[in-house]
Amino acid sequence: MPEISKAYEPQAVEDRWYQFWTEKKCFAADPASAKPPFSIVIPPPNVTGMLTLGHVLNNTIQDILARRARMQGFEVLWLPGTDHAGIATQTVVERTLKKQGLIKHRNDLGREKFLEKVWEWKEKHGGIIIQQLKKLGASCDWSRERFTMDRDYSRAVAGVFVDLYRKGLIYRGKRMVNWCPASQTALSDEEVEMKEQQGLLYYFKVEVAEEPGTFLTIATTRPETIPGDTAVAVNPKDPRYARLIGKHVLRPLPSEYAADRKRIPIVGDEHVDFEFGTGVLKVTPAHDRADFDIGQRHKLPVVEVINADGSMNDLAGRDLAGLDRFAARKAAVEALGALGLLEKEEPYKNNVGYSQRADVPIEPRLSEQWFLKYPSLEAAREVVASGKMKFHPDRWAKVYDHWLEKIQDWCISRQLWWGHQIPVWYRQQNGKQEIHCDVEPPTGAGWTQDPDVLDTWFSSWLWAYETMDAATRRKFYPTSVLVTGPDIIFFWVARMIFAGFEYMGALPFHDVYYTGIIRDKQGRKMSKSLGNSPDPLDLIAKFGADALRFGVMRSAPLGQDILFDEQNVELGRNFANKLWNACRFRQMQGGETEAEIDPRALASEDKWILLKLNVALRELDTAFTEYNFSAAAQTLYRFFWNEYCDWYVEASKAVFFGTDEARKGAKLAVIDFVLAHTLRMFHPFMPFITEELWHAMGYSAEMPSDQGGVTIMNAPWPKPFDADFLGHYGLDDCYLENVDAQFELVSQGRNLKRTSNVPAGRKVRFILNPRQSFSAQEVEIFKLLLNAEAFELKSEYAGGKGVVSVSTALGDLYLPLEGLVDIDAEKARLLKEQEKYVLEIRKVEEKLANPAFTGKVPASVLAEHQKRLADWQSKFEHVGKALKALDDL
RNA sequence: GCGUGCUUAGCUCAGUGGUAGAGCAUUUCCUUCACACGGAAGGGGUCGCAGGUUCAAAUCCUGCAGCGCGCACCA
């Protein structure tokens, strides 16, 4: 057995085992396997992205599920890959090329050359996040790594487009879309984030053309769009303005226009809320969704005054043309002021749509785009509503349902170059436009392909099956569970469900587990601009991957956001070190590891720790069933640290520091049993250290090669003990209670020593007036844990002069101090205790005196209360005696 | 506005009807041969507020307040 170091050093261990697992092909999924399947597809990270704590959380959970399933005997597929992240990647590459001074705009290169640059970038940076996931210990089947722009995957995306086009679900149309002036592309509704703004509401006057001298006042947040106004609307039921409908007003901007070019009609429209502002609405059909609708109803012209990049065009007039839309707003206000038409401006809070990616306000814009009417809506809605597909936590099912209820067609075209180009070609033939929609380009001359690409999500919605070949699908589709963040429930989860039903005829996964969102200590979202996102690789270098995994799991409550604190990782590191040292302690005791546990040799504390192990195994199973990873981590922590190390190991020293070799052997057998279980229970959470110890402790040598002999990854997942096992080893629950009481006695004895100001190092004599018999070993343990010179059992003993004492469940415990006792301090302590007992006794007595209580309560509760009363009374009496003894001094 | 979640020790959180818990922080003590990334013993909470149901409420119900998130075309 090799020596192991005093402190665990993860850096020396992690890379070595990862390489070992890879070489032994431990992560490979075999579609021909006879084992039952368990499968997960990774939420593909951005190919040029870097690992974040969000990825750590998400992928640790997936790895835990995958590793546990392997140990449980499933054939596991965890399928990895990346997506091309259209806007994000294109923006990064374009910005980098600009910074290098190579281009001013991607047009300088042209589409083909620019895409070559993006591919170069992808080749250079695309592997980074994959390498980072490996550092974390992710047990993905890397031989199956996929990318959404792979050739076959791309053909499949095009194929789906063609299919949906032929089904009439995809169509092209000129519509109001969310336009991002920074990226200069259309976005889907989901990519728009509403943000509350502190802005201004401007009130300006317009003159009624037919009634010179009559003015209407209009309130607006966007005066820069006045040149694009083609009407003014009032509610036809509004008595203030109804008579004016059909007349005209003179639009104040552009100011240089002559009166006849300024005339725009006053229309009546129910949309106008006469409570709001002045009840008069300016209508800009080109730059506002609601106004566009009003425009359609009244056949108003659409006048664009804002360019694609957010600047004003010539139609905006000399005051505004060429300005950015926000500079134009100021200029418009100034122009109105100069015309004497600005009445007032007041502070106003409103919600403005922002481009999620570029973080600039969206510009509603009329443009020609491709749209999808979602397929398989009913099946997708039903499967979640009925509970056939389970969401964890299940409240997300309602969010999903609400979204489906008012679902809108999906704008799928993007004015980008990086992505799947739309498989549609056009040509003019005999004055008519021909359209070719197919995976294969058309033959013949004169065709041009639609320049737009598809939304990235239009490729990743096929991820759950398009990443698999036919044999893999047969074995592993539908997948077992999807682990992702609730922020992409609409973007990805919902759409994968549609695609699953439409193209596989079945749901893509059975369970969806939504993680929390990682925030910083102050509760802020992690963001690059705030610089509050620690680099997981730094944390791994500092504390180890296992520590990071365990720390994050332990602090990730079910379905709640996670406030990240490096201390959690430190705690994980400390825990790993504890595990390490507990194994080190075992090794230092020597002996063989093959020993079987002999039921006849089991002492009470041995049975206790086996029963505690069983409790932990049950709790662990429950936690997994509920996807409650923090509960699982806490169970492991409590069992190993607070039960095994704090009590069992300490108690075992009574045997190891003795000379009875037979008893040492029996103890080692129990320790090996517990440690071999512990390592396996921990393996999904802390794969590296458990593998290292599994071998270092020699446990691998005891197992068949496919059952843990080669790697702990294949060792059987420990199951709670069955009745045969419990019976064979005589594991009766009474040992839980009794040994708990023994350890409680030790705590009380230590407390007695401490409150009596006995120096910690000083050896003292304890005397117990016992309520039951104790084995010699139990007495030895008392003596050791109390650091006592002697631990005596005297059934007649009642203390006396200079003796302090405490009542325990196992009898009264005495500590003779031989004149050391500070009588006043001891008296104060006892009086304080007595006070507490009186209070507790009164509380229980009151309950028991209530006939409504005794009459209605279940027998077990009643018995428990009676026992509680007896316990308090016994303690009370004991304190009384002790006080009397002090008085007698 | 609608929906949804949270409010328990200084901090972060467990705890779904029966004696209020953990980790961190804090106080005191201990470098005793697994571990100072450690050990021992403490202190600290009228469970956001107000009602209700119940023998019994942190827990169930109602209302309110504060914070967060999602959805929503009031200019």
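Chain letters run A, B, ... following the sequence lines, proteins first, then strands; residues in each count from 1.
Considering only side-chain N and O atoms, A:Lys653 lies under 4.0 angstrom from the phosphate OP1 or OP2 of B:A34. When the side-chain nitrogen and oxygen atoms of A:Lys398 are compared with OP1 and OP2 of B:U4, one or more of them lie within a distance under 4.0 Å. Residue A:Lys578 has a polar side-chain atom (N or O) positioned under 4.0 Å from OP1 or OP2 of B:G39. The side chain of A:Asn787 places no N or O atom within less than 4.0 Å of a non-bridging phosphate oxygen (OP1 or OP2) of B:U32. A sub-4.0 Å separation between OP1 or OP2 of B:A75 and a side-chain N or O of A:Tyr203 is absent. For B:A56, the OP1/OP2 oxygens have no side-chain nitrogen or oxygen of A:Asn850 closer than 4.0 Å. Applying the 4.0 Å criterion to OP1 and OP2 of B:A34, one finds that A:Trp641 has every side-chain N and O outside that range.
Taking atom C1' in both B:G43 and B:C2, one finds a spacing of 47 Å when rounded to whole Å. A distance of about 15 Å separates the P atoms of B:G68 and B:U8, rounded to the whole Å.
Counting any heavy atom pair closer than 4.0 Å across all strands shown, A:Val272 reaches a base atom. As judged by a 4.0 angstrom heavy-atom cut-off over every strand, A:Trp580 is placed among residues making no nucleic acid contact. Across all strands, A:Glu864 comes closer than 4.0 Å to base atoms (heavy-atom distances). Looking at heavy-atom distances under 4.0 Å, A:Glu570 makes no contact with the nucleic acid at all. Residue A:Ser747 is classed as a sugar-phosphate contact, given heavy-atom separations below 4.0 Å to backbone atoms only. As judged by a 4.0 angstrom heavy-atom cut-off over every strand, A:Val844 is placed among residues making no nucleic acid contact. Heavy atoms of A:Leu281 sit under 4.0 angstrom from at least one base atom. Residue contacts for A:Asp565: at a heavy-atom cut-off of 4.0 Å it reaches no nucleic acid atom on any strand shown. Among the protein residues, A:Arg638 comes within range of no part of the nucleic acid, since none of its heavy atoms lies under 4.0 Å from any strand. Across all strands, A:Pro486 comes closer than 4.0 Å to no nucleic acid atom at all (heavy-atom distances).
Distances were taken from every side-chain heavy atom of A:Arg519 (C-beta onward) to each of B:C35, B:A41, B:G68; the shortest belongs to B:G68. Side-chain proximity of A:Ala7 to the nucleotides B:A36, B:C37, B:A75 is greatest for B:C37. Of the candidates B:G18, B:U28, B:G5, the closest approach to any side-chain atom of A:Val857 belongs to B:G18. With B:G18, B:A75, B:G70 as the candidates, the nucleotide lying closest to the side chain of A:Phe276 is B:A75. Each of B:G23, B:C37, B:G3 was ranked by its minimum atom distance to the side chain of A:His402; first place goes to B:G3. You'll find that the side chain of A:Asp646 is closest to B:G39, out of B:G39, B:C37, B:A34. Residue A:Asn581 places its side chain closer to B:A34 than to any other of B:A34, B:A75, B:A22. Of the listed nucleotides (B:G38, B:A40, B:C74), B:A40 has the atom at the smallest distance from the side chain of A:Arg754. Of the candidate nucleotides B:A75, B:A72, B:C35, B:C35 has the atom nearest to the side chain of A:Arg584. With distances taken from any side-chain atom of A:Val861 to the nucleotides B:A75, B:G18, B:A41, the minimum falls on B:G18.
In this structure, the side chain of A:Asn351 does not engage the main chain of A:Met194 through any donor-acceptor pair within 3.5 Å. Not a single donor-acceptor pair under 3.5 Å links the side chain of A:Arg395 to the backbone N or O of A:Val399.
Using Watson-Crick or G-U wobble geometry with both donor-acceptor distances under 3.5 Å, B:A40 finds its partner in B:U28. The partner of B:U62, taking Watson-Crick or G-U wobble pairs whose two distances both stay under 3.5 Å, is B:A50. The partner of B:G3 is B:C69, judged by Watson-Crick or G-U wobble contacts that both fall below 3.5 Å. Using N1 to N3 plus N6-O4 or O6-N4 for Watson-Crick, or N1-O2 and O6-N3 for G-U wobble, each under 3.5 Å, B:U19 pairs with nothing. Nucleotide B:A34: unpaired (no Watson-Crick or G-U wobble partner with both distances less than 3.5 Å).
The closest side-chain heavy-atom distance from A:Leu53 to A:Pro534 is below 4.5 Å.
Taking the nucleotide of RNA chain B with the nearest heavy atom to each of A:Lys406 and A:Phe657, the more 5' of the two is matched to A:Phe657. Each of A:Ser555 and A:Asn642 was assigned the nucleotide of RNA chain B with the nearest heavy atom; the assignment lying further toward the 5' end belongs to A:Ser555.
Counting non-hydrogen atoms of neighbouring residues, nucleotides and ligands closer than 6.0 angstrom, the CZ atom of A:Arg842 reaches no more than 12 such neighbours.
In this structure, a donor-acceptor pair under 3.5 Å is present between the side chains of A:Glu190 and A:Trp403. For the 3.5 Å distance criterion, the side chains of A:Asp293 and A:His271 fail to qualify, holding no donor opposite an acceptor. A side-chain N or O of A:Thr217 and one of A:Glu343 form a donor-acceptor pair less than 3.5 Å apart.
Side chain A:Glu650 to base B:A40: no donor-acceptor pair is found below 3.5 Å.
Note that the CG atom of A:Leu813 and the OG atom of A:Ser807 stand 10.0 Å from one another [nearest 0.5 Å].
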